[in-house]
Amino acid sequence: MVRNASLTVGKGALAVAGALWLLAACSQAPSAQHPPEPGDQAVAKVNNQLIWASDVKREAVAEGQIAPGDPLDPSSDLFRQVLDEVIDTKVLAGAALARHLDRDPAAQRRLAAARDRALEDAMVDSVVSKAVNQQAVGALYQEFLKNRTPSEVIHLRQIVFASVADAEAAKKQLGGAGVAGGAFEAMAMEKSIDNETRFKGGDLGEMTTDTLPQPLAEAVKDVKAGALAGPVKVDAGWALLRVDDRHPEPPPTLDQVRPQLIRFITYDQIKDLVLTLRSHAKIQNLLPPPPEVPGAPTEPASAPVNAVPAGMLPRGTNAVIP
């Protein structure tokens, strides 16, 4: 298939240029004609060089389009978009080699930097792949369950009145009306001035108590299911509330939090690896110390000495701690 001549720049011309030099370095070796990974699929060929599905996925991860470990369906639009970018990079890299641009001293430095980044990623992958396993993920999930503070799920209805006097009168009229009977719902449809909930019988749906505005949270704090609460001042007026149901929030399943757990384990392994390697390396920072800024806060003596400096972690390690 003949592709359009327009260049797919993806993250921008600079991103393509950086990938160009990396591929230029790698293209010195013969093109792999066998799947680099088990079950890999050839998805394109550029000047007799195969492009594999794993190449496209690796580029998508590098661009931040997907997270490490996430699937990327070859039939998806995103896969085809990133494949076009990989093809463009291959074409540009081949042209650069044909013009001997890889022999330029500036290009040599960029190629060396690209090689360092590739080796960095390989080192990280070799460590992380051993640490991220079902046993480690399961153990961290159990620790998460042990330390979590569960919230409470509450189902509320409201009737909003223009004045507190009207709300108090309605509360007195309803008396001990419970969940059954429909008196609250009927009054909401007849008298509520909140058009968003009025025709739903005042239904606000389910939410967790820790997300409620402070006045509402205080009003329903000790109210049992089926009982009334308020009136409470809200933006639209005065709300008379009814608690339809309340129960503890169930914990998320392992599958729901697995990506966060994997990212946390990954971050932890990379942090330990980098700190260990830096402690054994001979590092000399040749920059002068930064100038002191009058009035700038100083780091407390209790600050952790093993904290990883900003920018020290490899790319793609944006951990989400559960």
Side-chain angles (χ1 to χ4, degrees), residues 10-11 15 18-43 49-74 78-79 82-83 85-86 89-90 93 110-141 254-255 257-281 283 306 308-322:
K11 290 290 183 179
L20 185 156
W21 299 114
L22 176 59
L23 280 173
C26 296
S27 60
Q28 301 290 337
S31 175
Q33 299 299 316
H34 301 287
E37 297 180 7
D40 215 342
Q41 173 187 354
V43 292
Q49 286 190 326
L50 288 175
I51 297 176
W52 300 89
S54 60
D55 298 328
V56 179
K57 183 177 179 181
R58 188 181 302 108
E59 179 65 18
V61 171
E63 292 182 4
Q65 299 277 14
I66 61 173
D70 285 354
L72 182 58
D73 189 344
L78 176 59
F79 186 95
V82 178
L83 173 59
E85 295 172 9
V86 174
T89 302
K90 279 280 190 184
R110 296 172 69 179
L111 288 168
R115 179 177 181 274
D116 285 347
R117 287 195 295 270
L119 289 173
E120 172 194 30
D121 291 341
M123 180 64 182
V124 168
D125 288 345
S126 70
V127 173
V128 170
S129 61
K130 297 177 181 178
V132 178
N133 53 61
Q134 292 296 332
Q135 183 177 358
V137 172
L140 187 57
Y141 177 66
L254 175 58
D255 286 339
V257 297
R258 187 186 304 276
Q260 292 94 325
L261 298 176
I262 291 175
R263 282 195 290 270
F264 179 78
I265 295 172
T266 300
Y267 170 85
D268 197 51
Q269 290 295 314
I270 294 173
K271 180 193 69 174
D272 290 346
L273 171 64
V274 174
L275 286 173
T276 300
L277 293 176
R278 284 175 70 99
S279 68
H280 290 89
I283 300 173
N306 288 331
V308 180
M312 194 174 92
L313 291 180
R315 295 160 300 284
T317 57
N318 299 322
V320 177
I321 301 177

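Remark: Ile283 pairs with Arg278, Ala281 by the side chain to side chain contact (heavy atoms under 4.5 Å, CB included) rule, at least two apart or across chains. Residues passing the side chain to side chain contact (heavy atoms under 4.5 Å, CB included) test with Ala112: none are found, sequence neighbours excluded.
Between Pro71 and Lys57, the closest heavy-atom pair is CA-NZ, 4.4 Å. When all heavy atoms of Ala60 and Leu72 are compared, the pair lying nearest together is CB-CD2, 3.9 Å. Looking at every heavy atom in both residues, Ala136 comes nearest to Ala131 through CB-O, 3.4 Å. Minimum interatomic distance between Val82 and Val56 (heavy atoms only, all atoms of both residues): CG1-O, 3.5 Å. For Trp52 against Pro35, the heavy-atom pair with the smallest separation is CH2-N, 3.4 Å.
To the nearest 0.5 Å, atoms CG (Asp125) and CD1 (Ile270) are separated by 8.5 Å. Interatomic distance, Thr276 OG1 to Lys271 NZ, rounded to the nearest 0.5 Å: 10.5 Å. Note that OH of Tyr267 and CG of Asp272 are 9.5 Å apart. Values are rounded to the nearest 0.5 Å. The CG atom of Asp268 sits 9.0 Å away from atom CG of Leu140, with the distance rounded to the nearest 0.5 Å. To the nearest 0.5 Å, the span separating CG on Leu254 from CG on Leu261 amounts to 6.5 Å. The CD atom of Glu59 sits 6.5 Å away from atom CD of Glu85, with the distance rounded to the nearest 0.5 Å.
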### Task
Run the numbers on Gln269 and Thr266 for side chain to side chain contact (heavy atoms under 4.5 Å, CB included), then give the verdict.
CA-CA 5 Å; Gln269 290 295 314; Thr266 300; 6.0 Å; no
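Using a 4.5 Å cut-off on side-chain heavy atoms (C-beta onward), Ile66 and Leu78 make contact.
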